[in-house]
Amino acid sequence: MPNESADDRTRRITMRRQGPLLVEGPVEIELEDGTTVSSDRFCVALCTCRRSRRYPWCDTSHRRRA
């Protein structure tokens, strides 16, 4: 729709078994401690196993510890 802003669009989140959540971007994530991180990429992978060195972004560290 022409009057639709980027913030009004529906975001698609794809769940992967034993993998990250894939989120259509851009996104802003609020962490447990209240801080926020953001990404303007078209798709981001969010870590669900908490093994990532770049948490909350997935860096595939879970593959090495399977």
Side-chain angles (χ1 to χ4, degrees):
M1 295 184 141
N3 293 334
E4 196 175 79
S5 72
D7 292 333
D8 293 336
R9 293 185 323 197
T10 300
R11 299 284 185 231
R12 180 180 305 262
I13 299 173
T14 305
M15 298 177 70
R16 302 284 183 206
R17 181 175 291 249
Q18 298 180 1
L21 290 176
L22 302 177
V23 182
E24 288 183 358
V27 296
E28 181 176 277
I29 309 295
E30 184 175 336
L31 302 176
E32 292 176 277
D33 64 4
T35 59
T36 58
V37 294
S38 60
S39 173
D40 60 356
R41 296 183 62 156
F42 69 93
C43 185
V44 295
L46 298 178
C47 178
T48 58
C49 69
R50 294 190 171 256
R51 295 179 184 152
S52 174
R53 291 183 194 104
R54 299 186 61 229
Y55 187 82
W57 316 120
C58 180
D59 67 0
T60 68
S61 294
H62 64 275
R63 292 180 185 167
R64 291 185 286 279
R65 297 182 187 159

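The backbone N or O of Arg53 sits less than 3.5 Å from a side-chain atom of Asp59, completing a donor-acceptor pair. Thr48 places a side-chain N or O within donor-acceptor distance of the main-chain N or O of Gly19, the cut-off being under 3.5 Å. Side chain of Ser52 to main chain of Trp57: a donor-acceptor pair is present (N/O by atom type, distance under 3.5 Å, no hydrogens or angles).
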Checklist entry - For Arg50 and Tyr55, what are the C-alpha separation, side-chain angles and deciding distance, and is it a side chain to side chain contact (heavy atoms under 4.5 Å, CB included)? => result CA-CA 7 Å; Arg50 294 190 171 256; Tyr55 187 82; 3.3 Å; yes

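The side-chain contact (heavy atoms from CB on, under 4.5 Å) check on Leu31 picks up Ile29, Asp33, Thr35, Val37, Pro56, with sequence neighbours excluded. For Glu30, there are no side-chain hydrogen bond (donor to acceptor under 3.5 Å, both in side chains) partners, not counting sequence neighbours. Annotation: side-chain contact (heavy atoms from CB on, under 4.5 Å) contacts of Thr14 (sequence neighbours excluded): Arg12, Arg16, Leu22.
Both Ile13 and Leu46 are part of a single hydrophobic cluster, where members link through side-chain heavy atoms under 4.5 Å apart.
Contact check on Arg11 versus Glu28 returns no salt bridge, with no Lys/Arg side-chain nitrogen under 4.0 Å from an Asp/Glu carboxylate oxygen.
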